[in-house]
Number of protein chains: 2
Amino acid sequence: MVGARAGVSVATVSLVTSGKTAGRVSKENIARVQEAVAELGYVVNGLGSSLAKGRSNIVILVAPDVSNPFFAKVIAGVREVLGESFQLLLSVTEAGQTPAPQDVRKLLALRPAGLLVDAPSAHFLAELQMSDPMVLLDAAGITSAAPSINFDVAHGAHLLALHLEAQGHAAVAYLDSSTGTETFRVRREAFHRSAAQLGLKVVAQGSSMIDVGAAALAFTDSWSDWSHKGVSAVVCATDTHAYGVLQEARVAGLAVPKELAVTGFDDLPYSATSNPGLTTVHLPALEMGRLAGRELQKLMAGEAAQTVPKTLPATLVVRGSTAEPA
Amino acid sequence: MVGARAGVSVATVSLVTSGKTAGRVSKENIARVQEAVAELGYVVNGLGSSLAKGRSNIVILVAPDVSNPFFAKVIAGVREVLGESFQLLLSVTEAGQTPAPQDVRKLLALRPAGLLVDAPSAHFLAELQMSDPMVLLDAAGITSAAPSINFDVAHGAHLLALHLEAQGHAAVAYLDSSTGTETFRVRREAFHRSAAQLGLKVVAQGSSMIDVGAAALAFTDSWSDWSHKGVSAVVCATDTHAYGVLQEARVAGLAVPKELAVTGFDDLPYSATSNPGLTTVHLPALEMGRLAGRELQKLMAGEAAQTVPKTLPATLVVRGSTAEPA
DNA sequence: CTGAAAGCGCTTACAG
DNA sequence: CTGAAAGCGCTTACAG
């Protein structure tokens, strides 16, 4: 450790670089060490440091779909809370895929201080059997000992059904995501339940990956059938699906919302500016990131975890895709 | 190290877990160790391992905008090449921002085996002064000792000018990105140069962040002015900008491409399915990821780096936003 | 206020 | 084929 260029012991250098000088190191030595550090461009080796301390300062965020504008907000929220003290890293898996057991193992080998897991599957959590601090995000429908922050997607689906019924729709189609994440099951089942209560008939179903092109294809393949069944609105599991439907509706010359209403879920940035704007369920992503970050901090500080999942409200944003502007 | 439950020394366990048993450990001991590992759910502590070996197996990808569908492909390419041997992690910064010096320092503290830096600024690289393996991606206009993989965006811009001139346009507006990344400077300057050669006039300029809403706003604010100047086409620095323009053109009742042609840059997935489809410059993102991964592997293996930046071809994809379907 | 020393969990020559 | 030992770069009681 070349920092001994300051003429002090390694112990003193360590004290200075980790900021634990209070009443332990003289002013002169602090200055001398800082100077040497600056001159040599010394950076503490996190490997040695973490090993000695028994834990790293890495927080890993595991998510199936990092390349999603919705997720960017979640990340921003987490960063805001975790700040300087932890190094946030994203685990990368195949697009749309939850990481495989061996990926997880490699992550744990880094001995992260904490784990944030977005949209986990039950299977994934079973594999994990984490004892380290862990917080689940968007884990509706999952039971786990780990604290979780969820969106009230069921209520969101309910609001959607209410709105469509009020707009006079009688028969709708549901375009689901084929990724099989729990949140989509909850969205779908809640919508069906609410629709049934209201006398709104879900007469057709479809599904595709979360991709504009795939959703567009799913819609064009089904539309003639749906049309015969009297479908006047398509309820999509995500905004991305809705974009595909909006596009193909335009190609097919269908007037939106007059001949066909379209709804989404997530309220991605694009939904506010599309034409027509997309009626969708807004989920407070930034807030989710913040809460998850805070909960993880507590856990990492050794405090007790929340036991009841925290649920964030979902709200309905009505735009031109379901209602003519007043 | 509880693995000594197999009745062997730590050294033997280490040999087994790192797969270096060839002619060094007996079959029985291999089996015994593997059994103990499985029973105890043992995971090698990467901190200790990396410290002993002098380097980690972490590769960090630094990028200003991870939440971008374009970037998802780059990542896929990198993963494909790096495979099992390295742990790919994404560094997270504020959306659209290149990481600050202190962020970089924290990254280096992890002693990554290699660094992949996307769209770096000259300033960022100066701060870095890396001696570790590093490969730059999309660093057009940057000079650095590190190998880099670039897109030939200048040629792409040239193709765009050629196409617009051939379509009979005489006056166009350029909608730039306000992020100030080098690649946008190159795109803009190349387009202006080519346009000037062809007698195509760039009569107006605008700029916004890379965001559909922001681009839409920039367009509506400028359109009456641009219109007076005889603008018949808007050339956008990214597809995202183009989406904003397309939307507002529709709102304004402008027929695309008849009254207003629109072009993008990047060829995001959405551009193929938008209506009209977006004429844009296709950049081979997956291929860039692969090449960058391969180059980094060479570097990490101690082989000589390529000295000349590798440039991937940009191609023009003509769609409905500039040309009526035949 | 300071430094010598033990130890974090591994890997890797080295001697047997 | 096997194990004892040194060492990777730190941190943290501990003794002074």
Side-chain angles (χ1 to χ4, degrees), chain A residues 1-37 40-58 85 87 105-113 131-132, chain B residues 1-37 40-58 85-87 105-113 131-132 302:
Chain A
M1 196 165 161
V2 223
R5 146 184 194 144
V8 298
S9 71
V10 275
T12 303
V13 173
S14 176
L15 254 16
V16 174
T17 56
S18 58
K20 295 182 180 156
T21 53
R24 330 257 254 95
V25 185
S26 68
K27 282 214 178 73
E28 301 85 57
N29 274 344
I30 295 181
R32 210 171 294 158
V33 170
Q34 284 172 340
E35 196 176 313
V37 164
L40 274 51
Y42 169 74
V43 176
V44 174
N45 183 324
L47 262 22
S49 167
S50 299
L51 187 57
K53 287 196 291 204
R55 59 181 205 72
S56 73
N57 71 336
I58 302 175
S85 32
Q87 176 75 30
R105 204 147 296 135
K106 280 164 72 179
L107 287 179
L108 294 187
L110 294 178
R111 294 295 186 269
S131 53
D132 300 338
Chain B
M1 195 164 158
V2 226
R5 146 184 193 145
V8 299
S9 72
V10 274
T12 303
V13 173
S14 175
L15 253 18
V16 174
T17 57
S18 58
K20 296 182 178 157
T21 53
R24 330 256 253 95
V25 185
S26 67
K27 280 212 178 74
E28 299 87 56
N29 275 345
I30 296 181
R32 212 171 291 158
V33 170
Q34 284 173 339
E35 197 176 313
V37 164
L40 273 50
Y42 170 73
V43 176
V44 174
N45 182 324
L47 261 23
S49 167
S50 299
L51 186 56
K53 287 195 291 203
R55 59 182 205 72
S56 73
N57 71 335
I58 302 175
S85 31
F86 293 96
Q87 177 75 29
R105 205 147 296 135
K106 280 164 73 179
L107 287 178
L108 294 188
L110 293 178
R111 293 296 188 269
S131 54
D132 300 338

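Labels below follow one simple rule: chain letters A, B, ... track the order of the sequence lines, proteins then strands, and each chain is numbered from 1.
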dist B:L110:CG -> A:N57:CG (nearest 0.5 Å) comes out at 7.0 Å
Out of D:dG3, D:dT12, C:dC8, which has the shortest distance to the side chain of A:A52?
C:dC8
Residue pair A:L15/B:E28 against DNA chain D: nearer the 5' end by closest nucleotide is B:E28
Give the nucleotide from the list D:dT11, C:dC1, C:dG3 with an atom nearest to the side chain of A:S26.
C:dC1
Taking only the side-chain heavy atoms of B:N29 (C-beta and beyond), determine which of D:dT2, D:dT12, C:dT2 contains the nearest atom.
D:dT2
Can you tell me how far apart CG (B:L15) and NZ (B:K20) are? Round to the nearest 0.5 Å.
8.0 Å
In whole angstroms, how far is the C1' atom of D:dT11 from the CG atom of B:L51?
13 Å
Measuring from the side chain of B:V44 (C-beta onward, heavy atoms only), which nucleotide among D:dC10, D:dT2, C:dT11 has the closest atom?
C:dT11
When you measure from the side chain of A:S50 to the backbone N and O of A:L47, does any donor-acceptor pair fall under 3.5 Å?
no
Nucleotide nearest A:V8 when distance is taken to its side chain, options D:dT12, D:dG3, C:dG3:
C:dG3
As a check on the pairing definition, encode DNA chain C in dot-bracket form, counting Watson-Crick and G-U wobble pairs whose two distances are under 3.5 Å, and using | for partners outside this strand.
|||.||||||||.|||
One pair to check against side-chain contact (heavy atoms from CB on, under 4.5 Å): B:R111 and A:V43. What are the steps and the verdict?
CA-CA 10 Å; B:R111 293 296 188 269; A:V43 176; 4.3 Å; yes
Give the table of side-chain donor-acceptor pairs shorter than 3.5 Å for residues 25-35 of chain A, with sequence neighbours excluded, one pair per line with atom names and distance.
residue	atom	partner	partner atom	Å
A:S26	OG	A:N29	N	3.3
A:N29	OD1	A:R32	NH1	3.4

For the side chain of B:N45, counting heavy atoms from C-beta on, which of C:dG9, D:dT2, C:dC1 is nearest?
C:dG9
Contact summary for A:A109 and B:V44, nearest pair of heavy atoms
CB-O, 3.5 Å
Just compare C:dT12, C:dT2, C:dC10 and give me whichever is closest to any side-chain atom of B:A11.
C:dT12
